[in-house]
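Have a look at the structure below before the remarks.
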Amino acid sequence: MSRELINHREDLKRLAKDGYELEVRSGFLILHRVPYVSTEKIVKYGQLVCAFSGSGPPPDHTMYFAGEYPCTDQGDPIEAFRNRSDRKELAGGLWVDHYFSAKPTSGNYDDYHQKFRHYAQVIARYARRIDPKVMVRTGRLVLSEDPRDPFVYSETASSRADITRLSEKLSNEKIGIVGLGGTGSYILDLISKTRVQEIHLFDGDQFYQYNAFRAPGPTTLKELKSNPSKVRLYKERYEKMRRGITVHEFDVAPDNINLIDDLNLDFIFVAVDSSETRQWLLPEFHQRGLPFIDVGMGVEKMDGKLLGVIRTSFCEVQGSSGIQSEGNEFSPIGEYQRNVQIVELNALNAALAVIRWKKYREFYLDLGQEYRSQYTIDGNHMINRKP
């Protein structure tokens with residue numbers, strides 16, 4: 001656990017000061033070297049594990065335990081907090097065997113110091129009856145700053161929702177985003193909050209004032225006056241949260257597309273607003289065996305109102321699924337007619353694209369396996385085309 005994280009929370013500082021052996025890993029707080037009694041009346045050591053909220057009190061009163069089921073000094077199972085027993089992997093390499101439930105009279109624990117201290121004392125007191133020398137407080141601090149972790153600070157949402165193993169399905173991905181306009185910037189915003197290993201940004205444009213009104217988050221006047229490139233502005237913005245963002249300050253073109261080959265990307269999002277670019281670019285990705293999602297909108301004015309469609313096209317490349325099943329018809333439905341872009345439409349377009357990618361990576365259940373979806377604004381209809 002980093003000293004910075006401990007110093008940020010008073011309850012963790014107290015646990016460390018008391019000598020508890022702590023670790024934060026993949027959104028879980030772990031207390032190591034908890035002495036307990038086995039059914040054979042032998043003192044062994046296990047781990048207490050619970051979801052770590054990052055800020056605020058513990059999300060609930062429950063606790064996982066790694067080891068045999070703890071017993072009294074007579075070898076009888078401690079029934080006071082028994083909930084269920086089933087071996088499961090919470091995160092990569094983090095296995096637990098039991099799930100405890102010990103609710104305090106107040107209904108929940110005030111902080112992690114109170115929660116871990118309560119569980120540890122209940123379990124360890126029987127071990128001390130057998131061997132008075134055993135202790136929970138080893139005084140050892142476990143440093144757990146995995147260089148492979150893409151986040152600057154712990155991602156705790158997955159552990160709280162018990163979907164850490166699902167989130168890790170995305171952890172080895174190397175993602176490319178071609179085009180950082182309205183939709184591309186929202187794709188970045190969503191992808192940046194996943195555990196992908198690398199994110200490569202491709203765009204040769206500057207970030208102008210009108211871009212600020214269809215981009216995620218606020219853009220400061222200072223940022224606009226600095227006349228930044230899109231990719232560098234977004235890199236600086238999202239590096240406050242995560243690592244692994246690489247910028248490529250050029251538009252992908254026939255004379256530089258070979259540069260992508262050396263990056264060994266696993267997936268590409270295409271969010272360019274030029275039909276001509278799509279006509280040659282998408283077949284190039286297809287030829288290279290790169291799965292991709294291409295997004296686009298067609299929005300225009302009619303009778304003083306806006307109408308149009310939002311399109312998401314997926315190409316898996318392998319097998320018969322993907323856009324190639326249409327005879328390599330890569331031109332999108334609903335081309336930009338007036339180039340009208342509204343921020344909520346950009347955000348929706350990006351969300352549909354990222355959801356489709358997550359279904360491809362088996363994060364979400366995918367019963368339809370559509371390769372193209374088309375959302376119509378005026379009727380709120382979604383039309384899917386399947387292989």
Side-chain angles (χ1 to χ4, degrees), residues 1-34 46-66 80-81 83-84 88-92 94 96 98-123 136-137 141-146 149-168 170-171 189-195 216-218 237-243 363:
M1 180 188 300
S2 69
R3 289 287 181 181
E4 182 180 355
L5 178 57
I6 288 179
N7 294 332
H8 182 67
R9 293 193 55 119
E10 189 63 33
D11 54 351
L12 299 191
K13 286 169 63 176
R14 291 174 64 196
L15 282 168
K17 184 178 179 181
D18 288 348
Y20 289 100
E21 189 172 320
L22 301 174
E23 179 185 1
V24 171
R25 190 194 316 169
S26 301
F28 292 93
L29 187 59
I30 306 167
L31 176 58
H32 292 275
R33 297 282 297 175
V34 179
Q47 298 174 326
L48 287 169
V49 183
C50 75
F52 181 53
S53 63
S55 60
D60 62 31
H61 60 277
T62 62
M63 183 75 73
Y64 292 103
F65 185 74
F81 47 48
N83 187 295
R84 67 176 184 269
K88 62 183 294 187
E89 190 176 20
L90 298 179
L94 180 58
V96 293
H98 310 285
Y99 189 56
F100 299 154
S101 176
K103 183 179 291 188
T105 55
S106 62
N108 207 348
Y109 295 98
D110 295 333
D111 54 34
Y112 287 98
H113 180 272
Q114 182 190 26
K115 183 176 183 178
F116 274 95
R117 189 169 180 269
H118 172 75
Y119 276 98
Q121 286 183 340
V122 171
I123 296 172
V136 183
R137 306 179 185 187
L141 187 66
V142 178
L143 298 177
S144 179
E145 295 185 2
D146 190 343
D149 191 338
F151 296 112
V152 174
Y153 46 85
S154 297
E155 188 271 295
T156 60
S158 295
S159 60
R160 293 187 65 176
D162 196 21
I163 59 169
T164 301
R165 293 295 293 154
L166 278 174
S167 298
E168 289 179 344
L170 313 174
S171 61
D189 186 72
L190 300 174
I191 293 293
S192 70
K193 296 174 176 67
T194 70
R195 302 190 67 84
R237 185 173 293 178
Y238 286 93
E239 275 190 333
K240 298 173 184 176
M241 181 179 190
R242 65 161 299 131
R243 309 174 183 89
F363 181 90

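Start at 1 with the first residue, then count along the sequence.
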Checklist entry - Does the side chain of Tyr20 come within less than 4.5 Å of Phe116's, by heavy atoms? => result no
Checklist entry - Are any of the side-chain heavy atoms of Ile123 and Phe81 separated by less than 4.5 Å? => result yes
Checklist outcome for this item: In terms of heavy-atom contacts, Ser101 and His61 come closest through OG-NE2, 3.0 Å
Checklist entry - If you look at every heavy atom in Ser192 and Arg242, which pair is closest and at what distance? => result O-NH1, 3.1 Å
Next on the checklist: If you define the side chain from C-beta out and look only at heavy atoms, does anything of Leu48 sit under 4.5 Å from Ile30?
Outcome noted: no
Checklist entry - Roughly how far apart are Leu12 CG and Glu10 CD, rounded to 0.5 Å? => result 9.5 Å
Checklist entry - Which of parallel (below 30°), tilted (30 to 60°) and perpendicular (above 60°) describes Tyr64 and Tyr99? => result tilted
Checklist entry - Asn83 and His98: side-chain donor and acceptor closer than 3.5 Å? => result no
Item to check | Residues Asp60 and Tyr109: side-chain donor-acceptor under 3.5 angstrom | outcome: no
Next on the checklist: Taking side chain to side chain contact (heavy atoms under 4.5 Å, CB included) as the criterion, tell me which of Gln114, Lys115, Met63 meets it with Pro58.
Outcome noted: Lys115
Checklist entry - Do Arg25 and Leu94 have side chains that get closer than 4.5 Å, going by heavy atoms? => result yes
Checklist entry - Are Tyr112 and Leu22 side-chain neighbours, meaning at least one heavy-atom pair lies under 4.5 Å? => result no
Item to check | Step-by-step side-chain contact (heavy atoms from CB on, under 4.5 Å) determination, Val34 to Glu21 | outcome: CA-CA 9 Å; Val34 179; Glu21 189 172 320; over 6 Å; no
